[in-house]
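To keep things clear, I will list the structure first and then write my remarks on it.
Fair warning: this is a prediction, and the values are worked out from it, not measured in the lab.
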Amino acid sequence: MSSALAHYESFLIHNVSTISTLESTLRSVTWILPGRFKDAELASEVLSATLNVMSMYHDTVLTKFVHTHGKYKPLIPSSLHTRYTRAWSDKDNWYKWAARALQLIRYVELLIEMGLRRKVSSKNRWRGVVLLEFIKAALRLVMLRVTRRPLLSPPIPEREFDPSSLPPDSQASSPTLAPSSPPSSVPSTPEHLRNNHIALPLHPLLTPPPPTHSPLPVEEYLLPKALTTSSIKAPTSLIKPLSNPRDWLAELIYVIRPLVYAIMLSSGRKNNRPLVTALALELISRNLRRDPLPSAALERSEYAQRDRDMLWYLLRGSIWQTWTRPKVIAFADTTANIPLLGVFSAFMKDWIPLIDEYHYYTAP
């Protein structure tokens, strides 16, 4: 098994551009499969989950390759999110495996729900959903206990370079990776050029035109390149620890919110209590959480993402059934015969039943 895995990793490194292109192509296909044939949504989710899991594995292999071979250096510094999550993954094994397990569950949770819907009763299906949410909450609590800081999403480092630009077994540079040392020998001058000591004058058509605008001031050029406080901080210090009971309570409420929502849905989906309770917990957590400093860019980015995620409530529960869904259907019917928009409206109609039937399409 280890030999087969080593062969596959070698194949990945030597064919990374082709595999990356294939991943992107197949990922695009998953968006148009639902509604095309019977159980098309299941086939789409199988493909999507497989691609996500394989991409996570590929990222691990490529990152290990880049760090092992010192001749490759990223020309673009790592993002704050990547620095922070990689530092905690390297520092603590509990965080590393909890974060990977959590991300793996998020990749396959919808596929598991689809399988449960086809094989077991509705009651057992919701038991499976609650079990998944319980495991996810437990993993988040493990990470919270280790870091003692607000959690980031996703909790693992994101891909920070384009694999297609990775030049295996080559000294050539690329847009994102470059050799750390110059080539050992300078290419020799061709024989027929060695005696050409006098340069020919440039033809007027080949002369570059004069600049049409004045160059940027020195300050505007240097300011984006200046180091910030986040650039020199230790990666694990990019987010301040939770310092008081109010901060802890806000984060704990945010962590258990999806579990509470799933438990209430399992006992009754016809009333509004699950939606109202989840939205109330979301707002309580938002009001209790601390206000990060202007220099805390990573924490501010995470809280902004949480605020944007509240738009998903438009696709949940009674808000979806009584307000959003009728408007989406009306828009799709109105634009059905309009060129280009008709394709988009048909695409929307294919996804409406999936939002009605599956929890994890719009789950918190």
Side-chain angles (χ1 to χ4, degrees), residues 1 4-66 79 81-82 85-86 89 96-119 128-129 132-133 135-136 139 152-166 168 176-177 305 309 312 315 343-344 347-348 350-351 353-355 357-364:
M1 181 64 181
L5 198 60
H7 279 86
Y8 177 76
E9 292 181 358
S10 176
F11 174 80
L12 169 66
I13 295 299
H14 288 84
N15 299 273
V16 62
S17 179
T18 303
I19 293 176
S20 177
T21 302
L22 183 62
E23 283 181 0
S24 300
T25 304
L26 293 177
R27 206 178 299 277
S28 301
V29 172
T30 62
W31 285 96
I32 60 176
L33 275 181
R36 305 281 81 83
F37 53 87
K38 183 180 180 181
D39 290 335
E41 70 277 7
L42 181 61
S44 173
E45 194 55 35
V46 168
L47 182 59
S48 178
T50 303
L51 285 173
N52 286 331
V53 173
M54 291 301 294
S55 294
M56 184 170 68
Y57 172 65
H58 291 168
D59 289 349
T60 303
V61 173
L62 294 174
T63 302
K64 186 189 302 182
F65 176 81
V66 171
S79 65
H81 178 277
T82 298
T85 51
R86 176 164 291 126
S89 297
K96 178 175 70 175
W97 293 110
R100 290 184 178 181
L102 176 62
Q103 197 65 14
L104 183 62
I105 292 175
R106 290 186 64 85
Y107 286 153
V108 301
E109 60 191 8
L110 179 54
L111 180 60
I112 293 175
E113 184 186 5
M114 287 182 173
L116 292 174
R117 187 176 184 274
R118 285 162 171 78
K119 297 297 183 182
V129 170
L132 284 176
E133 291 300 333
I135 296 173
K136 287 163 60 179
L139 292 172
L152 296 186
S153 179
I156 60 175
E158 296 178 301
R159 181 178 292 180
E160 58 179 356
F161 59 85
D162 183 6
S164 63
S165 63
L166 185 64
T176 54
L177 297 173
Q305 180 61 49
D309 286 344
W312 284 102
L315 304 180
V343 177
F344 181 66
F347 178 77
M348 292 169 58
D350 291 335
W351 280 85
L354 302 180
I355 298 175
E357 296 173 5
Y358 295 105
H359 170 69
Y360 279 117
Y361 269 112
T362 59

Identify, with sequence neighbours excluded, every residue that meets side chain to side chain donor-acceptor pair (under 3.5 Å) alongside [X].
X: Y361; result: none
X: E357; result: none
X: H359; result: none
X: E45; result: none

Please name all residues satisfying side-chain contact (heavy atoms from CB on, under 4.5 Å) with [X], sequence neighbours left out, ordered by chain then number.
X: V108; answer: A49, V53, I112
X: Y57; answer: L5, Y8, E9, V61
X: V343; answer: none
X: L26; answer: L22, L47, L51

Rounded to the nearest 0.5 Å, what separates atom [atom1] in [X] from atom [atom2] in [Y]?
X: L111; Y: N52; atom1: CG; atom2: CG; answer: 11.0 Å
X: S44; Y: D350; atom1: OG; atom2: CG; answer: 11.0 Å
X: L152; Y: E158; atom1: CG; atom2: CD; answer: 9.5 Å
X: L139; Y: R100; atom1: CG; atom2: CZ; answer: 14.0 Å

For residues [X] and [Y], report the shortest heavy-atom separation together with the two atoms involved.
X: I156; Y: T85; result: C-OG1, 3.7 Å
X: E113; Y: Y360; result: OE1-N, 3.0 Å
X: T82; Y: P157; result: CG2-CB, 4.1 Å
X: L102; Y: P155; result: CD2-CG, 4.0 Å
X: Q103; Y: P154; result: OE1-CB, 3.7 Å
X: K136; Y: R106; result: NZ-NH1, 4.0 Å

So, S10 side chain and A6 main chain: donor-acceptor pair closer than 3.5 Å or not?
no
State, with a plain yes or no, whether a side-chain heavy atom of R27 is found less than 4.5 Å away from one of S55.
yes
Is the shortest heavy-atom distance from the side chain of M114 to the side chain of L110 under 4.5 Å?
yes
According to salt bridge (charged side-chain N to carboxylate O under 4.0 Å, His left out), who are the partners of K96, at least two apart in sequence or on a separate chain?
none
